[in-house]
Amino acid sequence: MRIQLLSLILFCISCVANAQGQGHKLSDVPPFQPGELLELKATVGFVKAAEATFGVSEVIYNINDRPTWKIDIHARTVGIFDFISSVRDNWGTYYDTVNYVPHQFYRYIKEGRFRKNEILYFDHEQDSVTVAKLHKESRKLEKTVMHAVPNNVQDMVSGYYYLRSIDFSQVQIGDIITIDTFFDDKLEPFRVKLVKREVLDTDLGDINTLVLVPIIKKDSLFEEDNTITVWLSDDLNKIPLKLQAKIYVGYLKVQLTDAKNLRHPLARVD
């Protein structure tokens, strides 16, 4: 089985995107700042499988005459997993600093012998996205495909960063957030439920968290319905502290190991 590690991590963490349509209030201050860097490790059972970083550029980019953050996620397998099926993935987005929508999304996938390279160009005035399919090795343009999308649609990276701007003090236990995310040439409607708030013991100390469960059916990867659980810090940062899921090859666990240049203090419990 090819382990599409970053795809899985992003699916689990980014299963919350365009909550604005559900009337959720946004925080008055941005949840992150240029230069933020999150470092995570993934294990399957007791074996370390991969490392990932979530990084916000230190400079602001101009895309479509709009100021944007450039956000990159990198993931790589380690140890025995690197020997079995090496992964070197890069997903990224140019994310509007004012309107909180993506202007471009890209992913460069290198997983074993599998390659996939593409760039998505969002036109929010026309509610469309143009997908540029690139050659698997040279990354030269091969073809483009245009799709109609809902207003303010998110991509798989920007969705998580949009989530961080939601004011969760207005979200109640049991509330379900429905989202619109464009991924793999189609609109992916996701739902995620806030199931509880709890204190989590982490490498960064005991931290108040929001516990979210994406509502998904079991398939070729997940053994059970709604098997993914995500812990986000219950503060203005909303950084991913832990993720776990039961998959057919065992239990996948992703944990935050370091967080640099956060905009806000973590919700540590004294």
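Quick caveat, the model's predicted, so the values are computed rather than measured.
Of all heavy-atom pairs between G92 and V157, the closest is N-CG2, 4.2 Å. For D82 against R88, the heavy-atom pair with the smallest separation is OD1-NH1, 3.0 Å. The nearest pair of heavy atoms linking V98 to P67 is CG2-CG, 4.5 Å. Residues L141 and L134 share a closest heavy-atom pair of CA-CD2, 3.9 Å. The two residues N237 and R263 come nearest to each other via the heavy atoms OD1-N, 3.9 Å. Between F122 and P102 the shortest heavy-atom distance is CB-O, 3.4 Å.
Looking at T202 and Q255, their side chains never come closer than 4.5 Å, going by heavy atoms from C-beta outward. Proximity of P240 to L232: side-chain heavy atoms (C-beta onward) are separated by under 4.5 Å at one or more points. Contact annotation: the side chain of K186 approaches that of D184 to within less than 4.5 Å [non-hydrogen atoms, C-beta and beyond]. At a threshold of 4.5 Å between non-hydrogen side-chain atoms, the residues D185 and K133 count as touching. Using a 4.5 Å heavy-atom threshold, the side chains of L187 and P150 count as touching. The shortest side-chain heavy-atom distance between L38 and T53 does not fall under the 4.5 Å cut-off. The shortest distance between side-chain heavy atoms of L236 and P31 does not fall below 4.5 Å. Contact of the I173 side chain with the R197 side chain is registered, since non-hydrogen atoms from C-beta on lie closer than 4.5 Å.
A side-chain donor-acceptor contact under 3.5 Å links R115 to the backbone of G112. Within the 3.5 Å criterion, the main-chain N or O of K136 finds a donor-acceptor partner in the side chain of N117. Looking at D89, its side chain does come within 3.5 Å of a backbone N or O of K110 through a donor-acceptor pair. Between the side chain of Q104 and the backbone N or O of I119 there is no donor-acceptor pair closer than 3.5 Å. Not one N or O on the side chain of T181 forms a donor-acceptor pair closer than 3.5 Å with the backbone of M156.
Taking OG1 of T209 as the start and CG of D235 as the end, the distance is 10.0 Å to the nearest 0.5 Å. For the atom pair NE2 of H135 and NZ of K140, the computed distance is 9.0 Å after rounding to the nearest 0.5 Å. The line from CG of N152 to CG of N99 is 7.5 Å long, rounded to the nearest 0.5 Å. Remark: L40 CG to T257 OG1 distance equals 6.5 Å, nearest 0.5 Å. If you take CD on E51 and OG1 on T77, they are separated by 9.5 Å, rounding to the nearest 0.5 Å. With rounding to the nearest 0.5 Å, the separation of CD1 in I207 from CG in D234 is 11.0 Å.
When each of L243, T43, I228 is tested with L252 by the rule side chain to side chain contact (heavy atoms under 4.5 Å, CB included), just one qualifies, namely L243. Each of F182, Y95, F105 was compared with Q154 under the side chain to side chain contact (heavy atoms under 4.5 Å, CB included) criterion, and only Y95 meets it.
Between the side chains of N90 and D72, at least one donor N or O sits under 3.5 Å from an acceptor N or O. Between the side chains of Y161 and D155, no donor-acceptor pair is found at a separation under 3.5 Å.
Hydrophobic clustering keeps W69 apart from V59 (ILVMFWY residues linked when any side-chain heavy atoms are closer than 4.5 Å, directly or through intermediates). One hydrophobic cluster holds both I239 and V171 under the rule that ILVMFWY side chains link at heavy-atom gaps under 4.5 Å. Note on V211: it does not cluster hydrophobically with V269, by side-chain heavy-atom contacts below 4.5 Å among ILVMFWY residues. Linking Ile, Leu, Val, Met, Phe, Trp and Tyr whenever their side-chain heavy atoms come within less than 4.5 Å leaves L37 and I71 in two separate clusters. In this structure, I166 is a member of the same hydrophobic cluster as V56, with clusters built from ILVMFWY side-chain heavy atoms closer than 4.5 Å.
The 12-atom threshold is exceeded at NZ of K116, counting heavy atoms of other residues, nucleotides or ligands nearer than 6.0 Å. For K70, the NZ atom counts as densely surrounded, since its 6.0 Å shell holds more than 12 non-hydrogen atoms of other residues, nucleotides or ligands. Annotation for E58: atom CD does not count as buried by contact number, only 12 or fewer foreign heavy atoms lying within 6.0 Å. Heavy-atom neighbours of E137 CD from other residues, nucleotides or ligands within 6.0 Å: above the threshold of 12.
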| message | Does E36 form a side-chain contact (heavy atoms from CB on, under 4.5 Å) with L262? I'd like the steps, not just the answer. | response | CA-CA 6 Å; E36 180 190 89; L262 296 180; 3.6 Å; yes
| said: Between L163 and K238, is the side-chain contact (heavy atoms from CB on, under 4.5 Å) condition met? List the steps. | reply: CA-CA 8 Å; L163 163 67; K238 307 294 189 305; 5.5 Å; no
| query | Under the side-chain contact (heavy atoms from CB on, under 4.5 Å) criterion, do Y94 and N64 qualify, and how do the steps go? | reply | CA-CA 10 Å; Y94 288 91; N64 296 336; over 6 Å; no
| request: Check the pair Y160 / V230 against side-chain contact (heavy atoms from CB on, under 4.5 Å), numbers first and verdict last. | output: CA-CA 12 Å; Y160 162 62; V230 182; over 6 Å; no
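Separation of the F183 and W91 ring centroids falls under the 6.0 Å cut-off.
Cation-pi geometry between R164 and F32 is not met at under 6.0 angstrom from the ring centre and within 45 degrees of the axis.
Ring geometry for H124 against H103 counts as perpendicular: the plane angle is over 60°, on a 0 to 90° scale with 30° as the lower cut.
K242 and D203 are not joined by a salt bridge, as no carboxylate oxygen comes within less than 4.0 angstrom of a charged side-chain nitrogen. At a threshold of 4.0 Å, the pair E39-K260 counts as salt-bridged, since one of the basic side-chain nitrogens sits closer than that to a carboxylate oxygen.
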